[in-house]
Amino acid sequence: MASFMCFFCFASLFTLVLITSSAPAAVTAEEFKVGGDDGWRQPGSANETEMYARWAATVRFHVGDSLRFEYNNDTVVVVDKWGYYHCNSSHAISVFNDGNTVINLERPGLVYFVSADPDHCKKGQRLMVEVISTRSPPDSSPAPSPFSGAGSFLVAPQLVFCYVLLIAASFNM
């Protein structure tokens, strides 16, 4: 009887470990400082006209993430595609001028930002980000469940073997 209880406890613990180890890791939203250490500013030279495009290309933005714009004596304007490409903020979606603006990325797709000063925008102070709807764990896609699909043909015999081995060991105790 004691060996059966030992087996039952071990099997329960084994099942619990198996279930918890296959649960996907929770991934939280992130806040990104636009432009990194440079912040939101007018590019200083002709070599910096693509600085925000280069910065955005290094980051994956997901729904739920946010952008922090830090700036002095300037603005952040959310515009449509036309406003972005023509540096025109006359039909702005939103305008911010507080020097420390946080914008939440609430839906997938492209989002466009410009400086309200057309000269700043034409010199490269504009940003386009693509927001992705789903976020996967950092180590690529989650592994399939051991009890679904073709993978179960490989895992199920191993589990059966472990249980048979445990039962045999418990009878020998």
Side-chain angles (χ1 to χ4, degrees), residues 15-152 154-155:
T15 304
L16 181 64
V17 168
L18 183 67
I19 290 170
T20 58
S21 67
S22 64
V27 181
T28 60
E30 294 184 53
E31 180 178 282
F32 299 97
K33 181 180 175 188
V34 173
D37 292 336
D38 292 329
W40 182 246
R41 64 171 179 81
Q42 176 185 353
S45 68
N47 293 336
E48 293 183 320
T49 58
E50 296 295 319
M51 67 186 277
Y52 293 108
R54 282 193 302 273
W55 175 80
T58 65
V59 182
R60 294 192 81 148
F61 304 99
H62 297 88
V63 171
D65 288 345
S66 58
L67 300 176
R68 177 176 297 279
F69 291 82
E70 294 180 0
Y71 51 96
N72 294 313
N73 302 319
D74 211 328
T75 55
V76 176
V77 183
V78 182
V79 295
D80 60 9
K81 183 178 180 178
W82 189 90
Y84 174 82
Y85 284 106
H86 294 93
C87 289
N88 185 324
S89 60
S90 61
H91 299 290
I93 297 168
S94 300
V95 179
F96 305 93
N97 59 8
D98 62 1
N100 190 15
T101 302
V102 176
I103 297 176
N104 295 320
L105 303 174
E106 298 173 344
R107 59 182 168 270
L110 294 171
V111 186
Y112 305 93
F113 306 92
V114 299
S115 169
D117 184 324
D119 289 332
H120 290 197
C121 179
K122 289 174 185 170
K123 291 179 181 175
Q125 191 178 4
R126 59 183 175 173
L127 171 67
M128 173 177 44
V129 299
E130 181 177 5
V131 182
I132 301 169
S133 62
T134 59
R135 181 183 300 273
S136 61
D139 59 330
S140 75
S141 62
S145 170
F147 300 106
S148 66
S152 64
L154 298 175
V155 176

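Please read all numbers here as calculations on a predicted model, not as lab measurements. Residue numbers run from 1 in the order of the sequence given.
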Exercise for review: Report the C-alpha distance between His62 and Leu105 in whole Å, list the side-chain angles of each, state the deciding distance to 0.1 Å, and finish with yes or no for side chain to side chain contact (heavy atoms under 4.5 Å, CB included).
Suggested key: CA-CA 7 Å; His62 297 88; Leu105 303 174; over 6 Å; no
Review point. Can you find a heavy atom in the side chain of Tyr52 that is under 4.5 Å from one in the side chain of Arg126?
Key: no
Revision key, fill the gap. d(Met51 CE, Thr49 OG1) to nearest 0.5 Å is 10.0 Å
Practice item. Return the orientation label for the Tyr84 and Tyr112 ring planes: parallel under 30°, perpendicular over 60°, tilted otherwise. Key: tilted
Point to revise | Closest heavy-atom pair and its distance - Cys87, Pro118 | key: O-CB, 4.2 Å
Check your understanding: Would you find a donor on one side and an acceptor on the other, under 3.5 Å apart, between the side chain of Asn88 and the backbone of Ser90?
Key -> yes
Review point. So do the side chains of Asp65 and Val59 get within less than 4.5 Å of each other, counting heavy atoms only?
Key: no
Review point. More than 12 foreign heavy atoms under 6.0 Å from CG of Asn73: is that the case here?
Key: no
Practice item. List the steps and the verdict of side chain to side chain contact (heavy atoms under 4.5 Å, CB included) for Trp40 and Leu127. Key: CA-CA 10 Å; Trp40 182 246; Leu127 171 67; 4.1 Å; yes
Check your understanding: Can you name the nearest heavy-atom pair linking Val63 to Glu106, along with the distance?
Key -> CG1-O, 3.6 Å
Check your understanding: Looking at Val95 and Val77, what are the two nearest heavy atoms and their distance?
Key -> CG2-CG1, 4.1 Å
Review point. Has the side chain of Ser115 got a donor or acceptor atom that lies under 3.5 Å from a matching backbone atom of Gln125?
Key: no
Check your understanding: Do Asp117 and Gln42 get their side chains close enough for a donor-acceptor pair, meaning under 3.5 Å?
Key -> no
Exercise for review: Give the minimum heavy-atom separation between Ser89 and Val79, together with the two atoms involved.
Suggested key: CA-CG1, 4.1 Å
Practice item. State, with a plain yes or no, whether a side-chain heavy atom of Ile132 is found less than 4.5 Å away from one of Arg60. Key: yes
Exercise for review: Report the C-alpha separation of Leu67 and Phe113 in whole Å, then their side-chain angles, then the decisive distance to 0.1 Å, and conclude whether the side chain to side chain contact (heavy atoms under 4.5 Å, CB included) test is met.
Suggested key: CA-CA 11 Å; Leu67 300 176; Phe113 306 92; 3.6 Å; yes
Exercise for review: Kindly compute the distance separating NE2 (His91) from CG (Asp80), expressed to the nearest 0.5 Å.
Suggested key: 8.5 Å
Check your understanding: Do the two ring centres, one from Trp55 and one from Phe61, sit under 6.0 Å apart?
Key -> yes
Exercise for review: Using the side chain to side chain contact (heavy atoms under 4.5 Å, CB included) rule, take Thr101 and Tyr71 through it: C-alpha gap first, then chi angles, then the decisive distance, then the call.
Suggested key: CA-CA 9 Å; Thr101 302; Tyr71 51 96; 2.7 Å; yes
Review point. Is the number of heavy atoms from other residues, nucleotides or ligands within 6.0 Å of CZ (Arg107) greater than 12?
Key: no
Check your understanding: If we only count heavy atoms from C-beta on, is the Asn100 to Arg68 side-chain gap below 4.5 Å?
Key -> yes
